[in-house]
A.B. asks: 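One structure, as structure tokens, below. Some questions next.
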Amino acid sequence: MSRKLLLPALIAVALFAASCGSPASSSNSSGGSGGALNCTSSALQTHAPGTLTIGTDNPAYDPYFTGPAGGQWKGKYNHDPTAGQGFEDAVAYAVAQQLGYTREKVAWTALNWKQSFKPGPKDFDFYLAQVSISPKRQQSADFSVPYYTSTQAIVAKPGSPIAQATSLADLKSYQFGTESGTTSYDDINAVIAPTNQPKVYDTTNDVTQALSNGQIDGLVTDFPSAYYIANVEPGGLKIVGQFTSGSGADTWGLVLAKDSPLTACVNKALAQMKTSGKLQAIEQQWLANLSHAPILR
């Protein structure tokens, strides 16, 4: 997962062509959609009886959450997920609706994304905050089938030497930075394989500041976030290019407790949303009209 900043709702971004065709094999085998599942809200074993509890990060950034700040989600660039606005916000409520939960029966809880897939009990039924599916993370948590697929992207200062790069080979000698614990860090090493060890920071805001201060040459994060950083906040930067994850695709899934009784029903809900076109419509609404950056190979 690459960490995120906000994007005003009227500035849509997208990189979703592969997301609806992502294979179910990316999730845990315990999460099959099943044929005789009883996925009605009255039958589901949820964290709080009769309520679907959804977790996300705090801050909750645009374009994934775009409603006004409020509740636990206060402060500049933060967005209250109860507003139901933004790509992941809309996905969450659509899954809830598919499972039979009205908006009044959905509760939200804040948790740092790095804690969502840690071993142990969960205070949520499912969690989403651009969390990439990986075999290591699947050892301690269930992941749904993918709801989105992203490339990685590099942000740099315009006019800097790295901004002129046109291939992965051109990037070897530069200093990169990203948020700690992300798949972006893994992809820098696996795909770019730079001479200098990537620098890691606590948040994407910190990485962006490091780029501004000249401590790194390029920032690596998922493409929608890179688009926002380059063009909106702080803006005035350049996307050097995008590249495919070392695993072949950076797929994001809903996180559930290990062997959760809800996993199969959540997968079924997502499969129904893909079949009906609901998931594609959400992507079009919130992540459309993206100006694509060059593909670096």
A.B. asks: Nearest heavy-atom pair of Ile216 and Lys199: which atoms, and what distance?
C.D. replies: CG2-CD, 4.0 Å
A.B. asks: Do Thr82 and Asp80 have side-chain atoms, one donor and one acceptor, less than 3.5 Å apart?
C.D. replies: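 Their side chains do contain a donor-acceptor pair, which is all the 3.5 Å distance test asks for.
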A.B. asks: Any heavy-atom pair between the side chains of Phe176 and Ile162 that's under 4.5 Å?
C.D. replies: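 They are in side-chain contact.
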A.B. asks: Using side-chain heavy atoms (C-beta onward) and a distance below 4.5 Å, is Phe143 in contact with Val255?
C.D. replies: yes
A.B. asks: Assess whether atom CD of Gln197 is packed by more than 12 heavy atoms of other residues, nucleotides or ligands within 6.0 Å.
C.D. replies: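 Yes, CD of Gln197 has more than 12 neighbouring heavy atoms, counting only those of other groups under 6.0 Å.
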A.B. asks: Can you see whether Thr208 engages Asn205 through a side-chain donor-acceptor pair at a distance of less than 3.5 angstrom?
C.D. replies: no
A.B. asks: Relative to the ring of Trp252, is the ring of Tyr64 parallel (under 30°), tilted (30 to 60°) or perpendicular (over 60°)?
C.D. replies: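 Tyr64 vs Trp252 ring planes: perpendicular.
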A.B. asks: Taking the side chain as every heavy atom from C-beta outward, state whether Leu211 and Val207 have any atom pair closer than 4.5 Å.
C.D. replies: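 SC-SC contact between Leu211 and Val207 ruled out.
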A.B. asks: Using side-chain heavy atoms (C-beta onward) and a distance below 4.5 Å, is Arg103 in contact with Tyr93?
C.D. replies: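 Yes, side chains in contact.
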A.B. asks: List, by chain and number, the other hydrophobic cluster members for Tyr185, where Ile, Leu, Val, Met, Phe, Trp and Tyr join if side-chain heavy atoms come within less than 4.5 Å, directly or indirectly.
C.D. replies: Val200
A.B. asks: Can you find a heavy atom in the side chain of Cys265 that is under 4.5 Å from one in the side chain of Leu44?
C.D. replies: yes
A.B. asks: Donor-acceptor check, side chain of Ser260 to backbone of Leu262, threshold 3.5 angstrom: yes or no?
C.D. replies: yes
A.B. asks: Classify the ring geometry between Trp73 and Trp108 as parallel (under 30°), tilted (30 to 60°) or perpendicular (over 60°).
C.D. replies: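 Ring orientation, 0 to 90° scale: perpendicular.
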A.B. asks: Can you name the side chain to side chain contact (heavy atoms under 4.5 Å, CB included) partners of Pro49, sequence neighbours left out?
C.D. replies: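 Checked Pro49 against side chain to side chain contact (heavy atoms under 4.5 Å, CB included); zero matches.
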A.B. asks: Do Ile192 and Tyr174 come within less than 4.5 Å of each other through their side chains, counting heavy atoms only?
C.D. replies: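 No, too far: nothing below the 4.5 Å cut-off.
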A.B. asks: Say whether Tyr148 and Glu88, considering side chains only, have a donor N or O and an acceptor N or O under 3.5 Å apart.
C.D. replies: no
A.B. asks: Specify the closest pair of heavy atoms between Cys39 and Lys268, including all atoms of both residues, with the distance to one decimal.
C.D. replies: SG-CD, 4.0 Å
A.B. asks: Under 4.5 Å between any side-chain heavy atoms of Trp286 and Pro63, yes or no?
C.D. replies: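 No; the side chains remain at least 4.5 Å from each other.
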A.B. asks: Distance alone, cut at 3.5 Å: any donor-acceptor contact between the side chains of Ser180 and Lys114?
C.D. replies: yes
A.B. asks: Does the side chain of Ser150 pick up a donor-acceptor pair with the side chain of Asp250 at under 3.5 Å?
C.D. replies: no
A.B. asks: Going by heavy atoms in the side chains, are Asn112 and Asp57 under 4.5 Å from each other?
C.D. replies: yes
A.B. asks: Please identify each residue that fulfils side chain to side chain contact (heavy atoms under 4.5 Å, CB included) with Asn196, with sequence neighbours left out.
C.D. replies: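 Residues passing side chain to side chain contact (heavy atoms under 4.5 Å, CB included) with Asn196: Gln175.
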A.B. asks: Is it true that the side chains of Thr183 and Asp186 contain a donor and an acceptor less than 3.5 Å apart?
C.D. replies: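 No, because no side-chain N or O of Thr183 sits under 3.5 Å from a partner of the opposite role on Asp186.
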A.B. asks: May I ask you to decide if Ala226's main-chain N or O and Thr221's side chain share a donor-acceptor pair within less than 3.5 Å?
C.D. replies: no
